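We name chains A, B, ... by the order of the sequence lines, and we start the count at 1 in each one. For clarity, every value in this text was computed on a predicted model and none was experimentally measured.
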Amino acid sequence: MENTMPYPKNAWYVAGWERNLNEGEPIAMSILDEPLVIYRAQGTGRLVVLEDRCVHRFAPLSLGKCEGERIRCGYHGLLFDSDGKLLGIPGQDLIPSQANVRCYPAVFKHSWIWVWMGNPALADEALIPPATGYDNPDWVLGHGDLDYQASGELANDNLLDFSHVPYIHAESFALGDSYANERPKVTAVERGIRVERWTLNIMGTATAPRPEDNLVDHWVSYDFLVPGIMLLWSGMYPAGTAQSLNFEKPDYSQAVGVSIDSHMVTPMTSRTARYYYIGGPLRGQGDEAVRDLRLRIQAKAFAEDKRIIEAQQRVIDRMPGKQMMPTAHDLAVTMYNRVVERLIRESGTAERVA
Amino acid sequence: MENTMPYPKNAWYVAGWERNLNEGEPIAMSILDEPLVIYRAQGTGRLVVLEDRCVHRFAPLSLGKCEGERIRCGYHGLLFDSDGKLLGIPGQDLIPSQANVRCYPAVFKHSWIWVWMGNPALADEALIPPATGYDNPDWVLGHGDLDYQASGELANDNLLDFSHVPYIHAESFALGDSYANERPKVTAVERGIRVERWTLNIMGTATAPRPEDNLVDHWVSYDFLVPGIMLLWSGMYPAGTAQSLNFEKPDYSQAVGVSIDSHMVTPMTSRTARYYYIGGPLRGQGDEAVRDLRLRIQAKAFAEDKRIIEAQQRVIDRMPGKQMMPTAHDLAVTMYNRVVERLIRESGTAERVA
Amino acid sequence: MENTMPYPKNAWYVAGWERNLNEGEPIAMSILDEPLVIYRAQGTGRLVVLEDRCVHRFAPLSLGKCEGERIRCGYHGLLFDSDGKLLGIPGQDLIPSQANVRCYPAVFKHSWIWVWMGNPALADEALIPPATGYDNPDWVLGHGDLDYQASGELANDNLLDFSHVPYIHAESFALGDSYANERPKVTAVERGIRVERWTLNIMGTATAPRPEDNLVDHWVSYDFLVPGIMLLWSGMYPAGTAQSLNFEKPDYSQAVGVSIDSHMVTPMTSRTARYYYIGGPLRGQGDEAVRDLRLRIQAKAFAEDKRIIEAQQRVIDRMPGKQMMPTAHDLAVTMYNRVVERLIRESGTAERVA
């Protein structure tokens, strides 16, 4: 079955949390509707990602058992190497040389398991976006995940256009109307887009309150990168900073409170996605209490997103032919989707080879 | 997507109970597989029914918020007037003039919310069937509703042929075999059919018991009108009345117990329907105790119908090609379906315009 | 709708347990995606199996009521004879002569209800496989059943290839690696195949432990017959017996512990199957305790099978085009499937008549 999901295969996708993968305990995951078995080899601890379907009778290998670096199917005992090569069939000497399962390049990085879904020859670790793992000592970070009964694209759209914040998140993030009334600066970056915005003279935010009653200028900037990763940082600055910087990008040193977020929307199937998030304050500008306050508010806000995104999916599925009407706020959505289309086109040949 | 459900769009459909609709609190409903948002405008209390799908990214407007007569999408804040016209896009001055959601003519009448699903230019309130709202002071009325996991047509068929009563409802309505063994009089009426029947010399019915041991003649008459409304009245008369009237229609004054029922089967999707019912005795010939007895027995009887109708739907869906075999009792079904077909044909042009 | 399931219709299928069918209480069952109503006639106790769909409005007759040998539809009271002939329509004198429901040949045998799904003229009770009913006095037998959310074919494949036993059932049957490393003898029999195997010098099995510390030779033989019946017997013999018999089939008399099993996989729909099983020791070589031990271990083992077979089905349904890779152990699967294909071909004409 051809992948018809609007994603380039030649990209790194988050397939789970590094720390949830125990040595010798295979787990099942789906990315782009491809079933994957993921395990950490016994002994070496090496990360292995294979097609989750035995060549023999299509039992999922994730129900099998690890044997060192290898995995044995739990149904009739076929043994596969960590590169997917069929090594053994119980009771049979001849091993067909073509009978392998697909092996996916995979690495641990930034607390996540990353899987390359396209041509293995093109898998370049330098293409893994510079996320911030939750064990990065410069930050005080928490993390979580949730599942959408909706396509990853709808979740991406949500993250690409924060004009929804005053409506969906009026009671969680409580960031005020300016997110809808004013447009951020949107620029192209390598494999994605950048969104930047100053909000002036506010009393802090729900996730970063300023009890001292001082107004602040609030900076938010994020890169949204293929295939669905958001790398965001935000900072509170003394009122007047934005103007004094001529509304350009500030740096951390002037801030009175900086936070970072790394989120990833993994498209599992065409109608399911998993949302992974890591975030928290810069160490010294916030502590575990700030981190936990952020996590509580995010849990509420992401449930608000989930409710409307899943409802949106149900409407779309009822009336598949209808055309959406973009607004000015969709600039980032449109620019990002063009990057996606270009990467799908570019990776077309490689994918056919893969 | 074309409506392929066997219903004329140019008709009034019941979309809910008037009293369940609170000012400023939008609700979602589906009729003929079209998603609707229904609200009572703040301030004026005016009834508004719109397409439940924002033009922008297809979020359902029913997750939005009322602002006076208007409704604002809960996702990115687009504002719609009560006629479906797009009035505002946050952060954008230009409002595309074609970007409206469909507005459906709607009125409160007889305790119900009625929605016209076809060409608005043809929406004529005089076409709303003369149901009896549960607040009609001449009657002591109760009401209820239930959902079928089956098409509205199967529920209509059930109401059009009471020969099922001795079989399905042997232990609830307990009306005896004559409903199966004798055929009622069936005649054409405007936009529907009329079914009339005398049952002679019975001991009352479960919903209208005659403890005094006197035999009665029992009259039942109902109009079944497009798109699925049943307006029924029944009365107990001293034995011999039917004969003395030459088996013609009696009037209320001679009765020893008259009841009225207004029921509506609303087709939500091709496989779901909602059944609304109102009923009870004529004030003076019955009280709250009679009304409540009727409601208890009806709740049991409608559960009996639901069980067999949903089973029927499952059988039909397994074997979609099979032809049913009509019986003599299907006269009313057949006559009613011809009216439906004619109205679908007649409203064809209008619907294409709508 | 044509039957496209890979089963010959001209065969006997198990439709339930004889003792679960109470006189006058119809039950519903599906075989080969055909809905069946099954009842034991009142008075005579005769077994009747009819199409579970009234000719009138397709209500399932299994929601109706028995009247002696007959069944009356629970919706509008149509009455059918035990051969499916329409006998009565309430309120209508003329009974269309073609308006019958299909009648299926059916018999009680070996504790089961057997139904012939093909041409009734070819229904020959001699074709019912010689299963062993749980009331056979020569054996001490238990029984059970479970449902698969998977095709019957996948369950058959499982039973045709015991090389899965060391992997799936390592902790239940615990039969050792030889089932995977050595191949059994597979031969053709009438309407199926026979699988035979000696396992030498073992300490007994989980279901037939040998506490006395004596090694035994273990014999297992089963016929797997169309449309999915497994007739198995196994025996423990003093070590050396296999060799002394030149690895031919032993008989019961030399055994120190013989058990028998009769299992049937009934294909209900293309994605659901019911698994019926009867088994236990030869009376005198085992008692109720042995029978119950077997049942407990089988319940665990069948849950192990169910887990992997249902997972296999889900993988197949996600990637319908893929080709499986047979191994040497699939000889019995392949031979059995050829018998199935031949019987489907041979019964083609008869089925079109039926």
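Residue C:Tyr167 comes nearest to A:Arg72 through the heavy atom pair CE2-CD, 3.6 Å, listed as atom of the first residue, atom of the second, then distance. Residues C:Ile309 and A:Tyr75 share a closest heavy-atom pair of CG1-OH, 4.0 Å. Minimum interatomic distance between A:Gly74 and C:Ile168 (heavy atoms only, all atoms of both residues): O-CG1, 3.2 Å. Closest approach of A:Leu63 and C:Ala311 over heavy atoms only: CD1-CB, 3.7 Å.
For chain A, the option among C:Arg183, C:Met324, C:His329, C:His169 with the highest count of heavy-atom pairs below 4.5 Å is C:Met324. With chain A as the partner, the residue from C:Val165, C:Asp157, C:Asp161 showing the most heavy-atom pairs under 4.5 Å is C:Asp161. No other option in A:Cys73, A:Pro35, A:Gly91, A:Ala28 has as many heavy-atom pairs under 4.5 Å with chain C as A:Gly91. With chain A as the partner, the residue from C:Asn158, C:Leu154, C:Asp305 showing the most heavy-atom pairs under 4.5 Å is C:Asn158.
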Item to check | Working for side-chain hydrogen bond (donor to acceptor under 3.5 Å, both in side chains), residues C:Arg318 and A:Thr269 | outcome: CA-CA 10 Å; C:Arg318 282 178 77 164; A:Thr269 70; over 6 Å; no
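Between the side chain of A:Gln92 and the main chain of C:Thr327, no donor-acceptor pair closer than 3.5 Å is present.
For chain C, the nearby part of A:Leu86 is the side chain; its heavy atoms alone come within less than 4.5 Å. With a threshold of 4.5 angstrom between heavy atoms, A:Leu78 approaches chain C through side-chain atoms but not through N, CA, C or O. Contact of C:Arg314 with chain A is not made at all, since no heavy-atom distance falls under 4.5 Å. Contacts of A:Glu51 with chain C are made by side-chain atoms alone, with heavy-atom separations under 4.5 Å and no backbone atom involved. For C:Glu304, no part lies under 4.5 angstrom from a heavy atom of chain A.
Side-chain contact between C:Tyr179 and A:Pro90 is absent, with no heavy-atom pair separated by less than 4.5 Å. Between A:Arg57 and C:Met325, the closest side-chain pair of non-hydrogen atoms is not below 4.5 Å. Using a 4.5 Å heavy-atom cutoff, the side chains of C:Asp330 and A:His56 are in contact.
Surrounding CD of A:Glu67 are more than 12 heavy atoms belonging to other residues, nucleotides or ligands, all under 6.0 Å away. Within a 6.0 Å sphere centred on CD of C:Gln243, heavy atoms belonging to other residues, nucleotides or ligands number 12 at most. Atom CG of A:Asn22 has more than 12 neighbouring heavy atoms from other residues, nucleotides or ligands inside a 6.0 Å radius. Counting non-hydrogen atoms of other residues, nucleotides and ligands closer than 6.0 Å to CZ of C:Arg342 gives a total above 12.
The distance from the CD atom of C:Gln312 to the CZ atom of A:Phe58 is 9.5 Å, given to the nearest 0.5 Å.
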